[in-house]
Amino acid sequence: MGPRGLIGPTGETGVKGQKGEPGETPDDSNQRVAFTVVRLSTSDASTSHYTRLPFQATETLLPGTSFDLETGTFTCGVPGTYVFMFSVCKYSSNYLRVYLRKNGDAVVSGQSTDSSHYEQVSGSAVVVLQRGDTMHLTMYGRAYSDSDHKTSFSGFLLYPE
Amino acid sequence: MGPRGLIGPTGETGVKGQKGEPGETPDDSNQRVAFTVVRLSTSDASTSHYTRLPFQATETLLPGTSFDLETGTFTCGVPGTYVFMFSVCKYSSNYLRVYLRKNGDAVVSGQSTDSSHYEQVSGSAVVVLQRGDTMHLTMYGRAYSDSDHKTSFSGFLLYPE
Amino acid sequence: MGPRGLIGPTGETGVKGQKGEPGETPDDSNQRVAFTVVRLSTSDASTSHYTRLPFQATETLLPGTSFDLETGTFTCGVPGTYVFMFSVCKYSSNYLRVYLRKNGDAVVSGQSTDSSHYEQVSGSAVVVLQRGDTMHLTMYGRAYSDSDHKTSFSGFLLYPE
């Protein structure tokens, strides 16, 4: 009997693997944070720069946004870059200083020392917050508001971390 | 004749598939809405809290943003969460109250009752709008502006619905 | 000896290649631009509408954001739609005009002519910027600030181009 035949040829290379899935489209639906709160009562006075300005109604409060009206405090649940804006009406017969505070420290502030007229004290800032950081306004002097919401505080998440 | 040769070896594993395409960047090009409009004339007076403050020029108006200068009215075309900001210069010899209104109702307002000086009345709010909702300013008193745009109204879409 | 046997059969096809990696999630981290800068010193006076208001500290400056404190100038590195906000405290014994300028031209401005009190002059605007465009504030009169940051300037990228 003759020798065994030669070994057969190598099989074909397997087919190329499937292309990977497309990357995920960012879903930011749980990363929406925004509020506008207002005061309704005509007067609130303070003789300390650290007295928190309470609020009495929410004009806008997106789901998941944490704002405590009684202490006027926003608590950060989604870390990121935020924008805050305030406009507080000074009571006519007093001066008014308003402070936007992060965890108690002044970020920006504003004032009017005209004790004869109603006037707005407005300000704003961009702030980077970690989870649990708080933002609130304090005031020194006397703030006015009414059913037309002459005193308001707004904030929103600009960029999630 | 000798026996048939052995079966050939298994082919090589196929090459790895290509990496998937990058995820899609959400296409928000039709979800960009923003404006800044200004007044140019020196005076506009009103004795009603419901008189709309007209504007006279656009500093910024993104394509698709609907703002009617004559009635000072923004109409929402893309539902979502919006931010509005205004700064209106009070005429020296009058008081001034300014209201930011959604479909006619005051969201926030501001005032200056100092009838001897020019002053700014500024405010802002975050508002959730449906398609067709309108935003405008009304004023009571007398507003001032000039070619340096001392009176302006801005808005932008923060989060599409 | 008989002839060699027949050649063996072809081996099996190799296994399919691995699936490719998923694509990358779009990264917008280089499209985040935001700042809040503040003044600390008590006084800065100017008798020209074109004097740039310098700043002295950054409250917030995201990586890649270009702001020159000495000239108070933001330079656009990422083209797109931006929002700018300012609040400048008027020195009690002077008037104050504040201008938000794009490449030197007034976008919006504000004033207080009450030369007896400290007051805030606040304003804001949405502006479309190309790479290299600059934004700064100029003032005419006298600005006040202090360690509580009564004078501030903020800006952020709303929509990259």
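If you're wondering where the values come from, they're calculated on a predicted model, not measured in any experiment. By convention in this document, chain letters (A, B, ...) are assigned in the order of the sequence lines, proteins followed by strands, and residues within each chain are numbered from 1.
For the pair C:Val38 and A:Val107, the tightest heavy-atom approach, listed with the atom from each and the gap, is CG1-O, 4.2 Å. When all heavy atoms of C:Ile7 and A:Ile7 are compared, the closest pair comes out as CG1-O, 3.8 Å. Nearest heavy-atom pair across C:Glu59 and A:Ala106 is OE2-O, 4.5 Å. When all heavy atoms of C:Ala34 and A:Val126 are compared, the pair lying nearest together is CB-CG1, 3.8 Å.
Using a 4.5 Å heavy-atom threshold, the side chains of A:Gln120 and C:Gln120 count as separate. With contacts defined as side-chain heavy-atom distances shorter than 4.5 Å, the pair A:Gln111/C:Tyr144 qualifies. Inter-residue side-chain proximity for C:Asp148 and A:Val108 is flagged as unmet; no heavy-atom pair is nearer than 4.5 Å. Considering only heavy atoms from C-beta on, A:Tyr159 comes within 4.5 Å of C:Leu157 through its side chain.
Heavy atoms closer than 4.5 Å to chain A are found in the backbone of C:Leu6, but not in its side chain. The contact between A:Glu119 and chain C is made entirely by side chain atoms (from C-beta outward), counting heavy-atom distances below 4.5 Å. Residue contact with chain C, scored on non-hydrogen atoms closer than 4.5 Å, is absent for A:Val98. Using a 4.5 Å cut-off between heavy atoms, A:Leu158 contacts chain C through its side chain alone, with no backbone atom that close.
For the options A:Ser115, A:Gly123, A:Ala125, heavy-atom pairs under 4.5 Å to chain C are most numerous at A:Ala125. When C:Gln18, C:Arg32, C:Lys90 are compared by the number of non-hydrogen pairs under 4.5 Å with chain A, C:Arg32 comes out ahead. Most heavy-atom pairs under 4.5 Å with chain A: of the set C:Leu62, C:Val88, C:Thr151, this distinction falls to C:Leu62. The candidate from C:Thr36, C:Asp146, C:Val15 with the greatest count of non-hydrogen atom pairs under 4.5 Å with chain A is C:Thr36.
Put simply, the side chain of C:Tyr118 never gets that close to the backbone of A:Asp114: no donor and acceptor are under 3.5 Å apart. For the pair C:Arg4 (side chain) and A:Gly5 (backbone), a donor-acceptor distance under 3.5 Å is absent. Between the C:Thr13 side chain and the A:Gly14 main chain, no donor and acceptor come within less than 3.5 Å of each other.
Each of A:Ser122, A:Ser87, A:Ser124 was compared with C:Ser122 under the side-chain contact (heavy atoms from CB on, under 4.5 Å) criterion, and only A:Ser122 meets it.
Within the model, atoms CE of A:Met85 and OG of C:Ser154 stand 11.0 Å from one another, a figure rounded to the nearest 0.5 Å.
Surrounding CD of C:Glu12 are at most 12 heavy atoms belonging to other residues, nucleotides or ligands under 6.0 Å away.
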